[in-house]
Amino acid sequence: MTALLKWMTANPVQAFLAAGLAALCAMLPVPAAWLPGAVVAFCLLVGGLPAAAAAMGGATLACLWALAPAFGTLPALAVALALLLPALLAAVALEKSRSLSVAFQALTLGCCLLVLAINGLLGDPVRALAPVIEKLEPMLRQLADAFSRAGIDKTPEELGEQTASLAWATFGWMVLFNAFVAQCAALWGYGRLREPGLFGREFRALRLGAAVAWLLAALFVATLVSGATGGGGWQAADDLQFVLAAAFLVQALAVVHGLRELQVIGVVPLVLAYVAVVLVPMALVGIGFADTWVRFRERFAPRQGV
């Protein structure tokens with residue numbers, strides 16, 4: 001693996017080829033959408049801007065080659081930018097700050113701005129997806145029938161409306177997830193070459209900060225007040241809460257790994273935390289949010305001189 005990492009950043013041509021191959025792997029039916037962004041971020045950390053620019057070019061051309069014949073040049077370019085640009089910008093923050101927490105904060109706020117921009121440009125982002133939902137009508141009807149057999153009454157129209165209302169929040173979450181995983185992979189590769197153990201230390205110390213926590217709290221209170229006064233909901237606020245909740249879920253996982261490193265908890269609670277990601281994700285969101293002020297890792301860390 002170390003030899004491969006060194007080869008990727010030996011010169012811009014090899015960075016170009018590595019990122020292109022990674023982008024083609026991202027087209028496969030496997031969870032590898034983060035891979036080309038990881039190569040771009042890694043090339044920036046190790047090889048600087050020339051290597052990152054070459055990797056960006058290789059990955060973009062590979063996306064265009066794979067997707068343009070089926071979907072057109074502009075949609076293919078949009079996919080390439082969604083996969084690569086957030087990872088590159090987050091990598092710039094990571095390279096400048098040398099802190100995974102700072103990069104994650106910047107990435108989270110950037111995804112919030114992206115969701116706000118989508119809501120602002122589209123006006124009614126749910127209605128903008130109406131043509132797409134209409135094409136999904138046969139699938140939604142089958143899903144409604146499956147729910148009906150399970151004793152859950154949902155019409156295809158209701159399912160379509162719920163799908164549309166979650167679509168842009170899900171998009172923001174996917175951008176956040178892919179770009180953050182890319183940073184983790186890039187930092188792991190950088191640490192393997194330059195500073196072993198760097199990624200583990202940075203991830204276990206991950207924290208979003210009070211400003212992001214207060215933003216989530218303000219959005220939550222605004223939603224409650226709007227509901228209590230009978231005011232209509234604001235789709236952008238719901239989307240932002242979804243993205244921020246996903247970010248605090250990641251912080252909760254960092255807390256759990258930090259407590260495991262401090263030997264406060266064992267392996268079983270660590271495994272259960274990852275099970276909770278699927279079964280009770282909001283419980284983890286609460287832990288991540290509370291850590292902003294409770295600071296679990298510092299609370300249980302051994303005191304100096306003791």
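In terms of heavy atoms, Leu83 sits closest to Ala33 at CD2-O, 3.6 Å. Across all their heavy atoms, Ala252 and Gly288 have their closest contact at CB-N, 3.6 Å. Closest heavy-atom contact between Ala76 and Cys63: CB-O, 4.2 Å. Across Ala54 and Ala15, no two heavy atoms sit closer than the pair CB-CB, 4.4 Å. Here the closest heavy-atom approach between residue Ala182 and residue Ala38 is recorded as CB-N, 3.4 Å. The two residues Pro36 and Ala26 have their closest heavy-atom pair at CD-CB, 3.8 Å.
Sparse packing is recorded around CZ of Phe220, with 12 or fewer heavy atoms of other residues, nucleotides or ligands lying under 6.0 Å away. More than 12 heavy atoms of other shown residues, nucleotides or ligands fall within 6.0 angstrom of atom CG in Leu4. More than 12 heavy-atom neighbours from other residues, nucleotides or ligands sit within 6.0 angstrom of CZ on Arg201. Around CD of Gln263, the count of heavy atoms belonging to other residues, nucleotides or ligands within 6.0 Å does not exceed 12.
Just one of Thr170, Val115, Leu114, Leu85 meets the side-chain contact (heavy atoms from CB on, under 4.5 Å) condition when paired with Val175; it is Leu114.
With Thr292 contributing its side chain and Ala210 its backbone, the two residues share no donor-acceptor pair below 3.5 Å. Side-chain atoms of Gln183 come within 3.5 Å of backbone atoms of Ala179 as a donor-acceptor pair (strictly under, hydrogens ignored). Of the possible donor and acceptor atoms, one in the side chain of Gln105 sits under 3.5 Å from a partner among the backbone N and O of Arg207. No side-chain donor-acceptor contact under 3.5 Å links Glu202 to the backbone of Ser99.
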Kindly determine whether Cys43 and Val39 satisfy side chain to side chain contact (heavy atoms under 4.5 Å, CB included), including the steps that lead there. CA-CA 6 Å; Cys43 288; Val39 174; 4.1 Å; yes

Between Phe104 and Leu176, is the side chain to side chain contact (heavy atoms under 4.5 Å, CB included) condition met? List the steps. CA-CA 9 Å; Phe104 189 44; Leu176 175 65; 3.9 Å; yes

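The cluster map of Ile, Leu, Val, Met, Phe, Trp and Tyr, joined by side-chain heavy atoms under 4.5 Å apart, puts Trp173 and Val285 in different clusters. Taking hydrophobic clusters as Ile, Leu, Val, Met, Phe, Trp and Tyr residues chained together by side-chain heavy-atom distances below 4.5 Å, Leu198 shares a cluster with Leu100. Residues Val255 and Val271 do not share a hydrophobic cluster, clusters being chains of Ile/Leu/Val/Met/Phe/Trp/Tyr side chains in contact below 4.5 Å. Val250 is connected to Phe296 through a chain of hydrophobic side-chain contacts under 4.5 Å among Ile, Leu, Val, Met, Phe, Trp and Tyr, so both are in one cluster. Follow the hydrophobic side-chain contacts under 4.5 Å out from Val46 and you reach Leu17 in the same cluster.
In this structure, Arg98 does not pair ionically with Glu195, as no charged nitrogen and carboxylate oxygen lie closer than 4.0 Å.
Between the SG atom of Cys111 and the CG atom of Leu240 there is a distance of 11.0 Å, given to the nearest 0.5 Å. With rounding to the nearest 0.5 Å, the separation of CG in Leu5 from CZ in Phe42 is 4.5 Å. Between the OH atom of Tyr190 and the CG atom of Leu45 there is a distance of 7.5 Å, given to the nearest 0.5 Å. Taken to the nearest 0.5 Å, the CD1 atom of Ile287 stands 11.0 Å off from the CD atom of Gln251. Going from atom CG of Leu187 over to atom CG of Leu94 covers 5.5 Å, rounded to the nearest 0.5 Å. Of the inter-residue distances, the one linking Leu84 atom CG with Asn178 atom CG reads 10.5 Å to the nearest 0.5 angstrom.
For the pair Arg297/Asp291, a side-chain contact is recorded, criterion being any heavy-atom separation below 4.5 Å from C-beta on. Annotation: side chain of Ile118 is in contact with side chain of Phe171 (closest heavy-atom distance under 4.5 Å). Leu206 places a side-chain heavy atom less than 4.5 Å from the side chain of Phe180. Side-chain atoms of Gln14 and Asn11, non-hydrogen and from C-beta on, do get closer than 4.5 Å to each other. Looking at Arg260 and Val267, their side chains come closer than 4.5 Å, going by heavy atoms from C-beta outward. At least one side-chain heavy atom of Val277 sits less than 4.5 Å from a side-chain heavy atom of Leu253. Contact of the Thr60 side chain with the Leu64 side chain is registered, since non-hydrogen atoms from C-beta on lie closer than 4.5 Å. Contact of the Asp239 side chain with the Val243 side chain is not registered, since no non-hydrogen atoms from C-beta on lie closer than 4.5 Å.
Qualifying side chain to side chain contact (heavy atoms under 4.5 Å, CB included) partners for Val256, counting only residues two or more places apart in sequence or in other chains: Ile265, Leu270, Ala273. Remark: Leu109 engages Val212, Leu215 in a side chain to side chain contact (heavy atoms under 4.5 Å, CB included) (not counting sequence neighbours).
Relative ring orientation between Trp293 and Trp214 is described as perpendicular, the plane-to-plane angle rising above 60° on a 0-90° scale split at 30° and 60°.
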